[in-house]
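The block underneath contains the structure these notes are about, expressed in C-alpha cells.
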2 protein chains.
Amino acid sequence: MPKLGMEPIRKAALVKATIVEIGRTGNLDVTVSQIARRAGMSPALAHHYFGSKEEMFVSAMRHILTLYGAEVRGALATATTPEQRVQAVLQASFSPGNFRREAVGAWLNFWIMAQTMPGARRLLAIYQRRLRSNLLAGLRPLIGARAGTVADGLSALIDGLYLREALKHGLPDGRAAVLMARTYLDCALKEAER
Amino acid sequence: MPKLGMEPIRKAALVKATIVEIGRTGNLDVTVSQIARRAGMSPALAHHYFGSKEEMFVSAMRHILTLYGAEVRGALATATTPEQRVQAVLQASFSPGNFRREAVGAWLNFWIMAQTMPGARRLLAIYQRRLRSNLLAGLRPLIGARAGTVADGLSALIDGLYLREALKHGLPDGRAAVLMARTYLDCALKEAER
DNA sequence: TTTTGTTGATTGACGAGTCAATAAACTTCG
DNA sequence: CGAAGTTTATTGACTCGTCAATCAACAAAA
C-alpha cells in the first residue's frame with residue numbers, strides 16, 4: 001500500500017533507529033537488519049533509501065549534530081551578555097540529552113569514523129568550527145586578541161570533560177562539567193584583565 | 001617443531017599485531033585471521049593462546065597503557081621540582097609516540113570498549129587514577145587543597161587536547177598541546193597564589 | 001504505464017571458534 | 001639408558017552463523 005512521499009519519513013525513521021542501535025551496542029557492530037527492524041521496515045528498503053550502511057551512519061551523525069546545533073542556538077537565544085553566550089554554549093554542550101546512551105554512543109563512534117570516513121571527518125570539522133566560532137563570539141568582547149587561544153583551550157576542555165563524564169560509571173552529571181569549564185573560563189578572564 | 005616456551009613470544013606478537021591492525025583499520029573491524037597472519041601464525045593458534053578476540057583487544061589495551069606508563073615514569077625520573085613533575089606528565093602524554101596511527105586507533109577504540117567491556121572499563125579507570133595521582137603529586141606542593149580540582153581539569157584537558165590533535169588533519173603537533181595545557185596550568189597557579 | 005514503495009528470497013562472502021591430528025620436546029620409571 | 005606417557009606447539013579443515021547488497025516481483029498511486 002504505497003502512500004507517496006514516504007522517503008523523508010522512512011529516512012528519518014532509519015536515522016533515528018540507527019542512533020538508537022548504536023547507543024544500544026555502543027559500537028558500530030550494528031546490522032542493517034537491526035536498524036531496519038527497529039524502524040519498522042525490511043532491510044531491503046533501508047538499502048533502497050540509503051545506498052549503504054555507511055551512508056546511514058553519516059546521516060545519523062549529521063542528525064546528532066543538527067540536534068546539538070539547535071540546542072546551542074536555543075541557549076544562545078536567551079543570552080544577552082558575552083559571558084552568557086559562553087555560558088550558553090557550555091550549558092548546551094553538557095545538557096542531559098547529550099549524556100543519553102544513544103548520544104554518547106553516537107559521539108564516541110563519530111570520532112572513530114572521523115579517522116577514516118571522509119564524510120565523518122568533514123562533519124566533525126564543521127562541529128569544531130561552529131563550536132570555536134560560538135565561543136569566540138562571546139570571548140572576543142571580553143579578552144580581545146587572547147580569545148583565540150582561550151577558545152581553543154575551552155573547546156578541547158569541553159570534549160575532554162564530555163568524554164570523561166560520558167564514560168563515567170553511574171549517572172553523568174553535566175552540571176559538574178559546566179562548573180569545571182567555568183573555572184577554566186574565570187581563570188582565563190582574570191588572567192586577561194590583569 | 002615445537003620449541004617450548006613459545007607462549008610469551010606468541011602472545012607478545014599477537015598483542016603487537018592487534019595494535020597494528022587496529023591502527024590500520026581505525027576501528028575494531030579486525031579479524032582474528034588478519035591479526036594472526038600479521039603475527040606470523042595460524043588463526044587457530046591465536047585462539048589457542050587468547051581464548052577470544054575480546055581478550056586480545058583487552059591485552060592490547062593493557063600493553064598500550066604499559067607503554068604510556070613507562071613513558072610517564074621515565075619523564076618523571078628527571079623531574080626534581082613539582083612544576084617539572086606536572087610538566088613531565090604533559091610531555092609524556094603528548095609525546096610523538098602517542099600520535100602514531102596505532103596509538104590513536106588504540107585509544108579511540110579503548111574508549112569505545114570501555115562503554116561495554118568490563119575489562120576495558122577497569123583498565124580505563126586505572127589510567128585515569130594514575131594520571132590524576134601523578135598530577136596531584138606535582139600540584140599539591142604548589143596549591144595544596146586546590147590541587148584536586150586542578151588535577152581533574154587538567155586530566156580532562158589532556159584527554160580533550162589529545163583527541164583533537166589525534167583527529168586533526170595532517171601531522172599532529174604534541175608541543176602545541178603541551179603549550180595549551182601549560183597555559184591552563186599557569187593560569188590556575190597564578191589564581192591560587194592570589 | 002510510468003513512477004514510487006515494498007519485500008521475500010537469494011547470493012556470495014566472511015568470520016569466530018572448535019576439533020582432531022601431527023609433531024616435537026620434556027618426564028618418568030623400570 | 002631408553003621406552004612409554006605427558007605436555008606443549010601447531011595447523012588444516014570444518015561448523016555454524018551472520019551479513020551487506022542485489023534482484024525480481026508485486027502493489028498502488030499518478
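A note on names: the letters A, B, ... follow the listed sequences, proteins ahead of strands, and every chain is numbered from 1.
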Whole-Å distance separating the NE2 atom of B:H48 from the P atom of C:dA16:
19 Å
Which one, D:dT8, D:dT22, C:dT6, comes nearest to the side chain of B:L4?
D:dT8
Among the nucleotides D:dT10, C:dG8, C:dG17, whichever has the atom closest to the side chain of B:H47 is C:dG17
Between C:dG5 (P) and A:R10 (CZ): distance, integer Å
10 Å
Whole-Å distance between D:dC19 C1' and A:R37 CZ?
12 Å
Once rounded to the nearest 0.5 Å, what's the spacing between atom CD of B:Q87 and atom CG of B:L76?
11.5 Å
How long is the straight-line distance from CZ of B:R85 back to OG1 of B:T78, given to the nearest 0.5 Å?
10.5 Å
Atom-to-atom span, CG of B:L45 to C1' of D:dT10 - whole angstrom:
6 Å
Start at the 5' end of DNA chain D and walk down; is the nucleotide closest to A:S33 or to B:E7 reached first?
B:E7
Can you check the B:Q34 CD to C:dC14 P distance for me, whole Å?
11 Å
Tell me: NZ of B:K11 to C1' of D:dA9, nearest whole Å?
15 Å
Check the hydrophobic clustering (I, L, V, M, F, W, Y; side-chain heavy atoms under 4.5 Å; chains of links allowed) and say if B:L65 and B:I112 are grouped together.
yes
Out of C:dG17, C:dG5, D:dG12, which has the shortest distance to the side chain of B:S52?
C:dG17
Between C:dC19, C:dG5, D:dA21, which one does the side chain of A:K53 approach most closely?
D:dA21
Starting from P on C:dG15, measure out to CE on B:M56 and report it in whole angstrom.
13 Å
Can you tell me if the side-chain N/O atoms of B:Y49 get under 4.0 Å from OP1 or OP2 in D:dT8?
no
For the side chain of A:T31, starting at C-beta, report the closest nucleotide among C:dG17, D:dT11, D:dA20.
D:dA20
Separation of D:dA21 C1' from A:E54 CD (nearest whole Å):
14 Å
Kindly state whether the ring of B:Y127 and the ring of B:F110 have centres lying under 6.0 angstrom apart.
no
With a non-hydrogen cut-off below 4.0 angstrom, is B:G51 in contact with a base, only sugar-phosphate, or nothing?
nothing
Specify the closest pair of heavy atoms between A:R132 and A:G148, including all atoms of both residues, with the distance to one decimal.
NH2-O, 3.6 Å
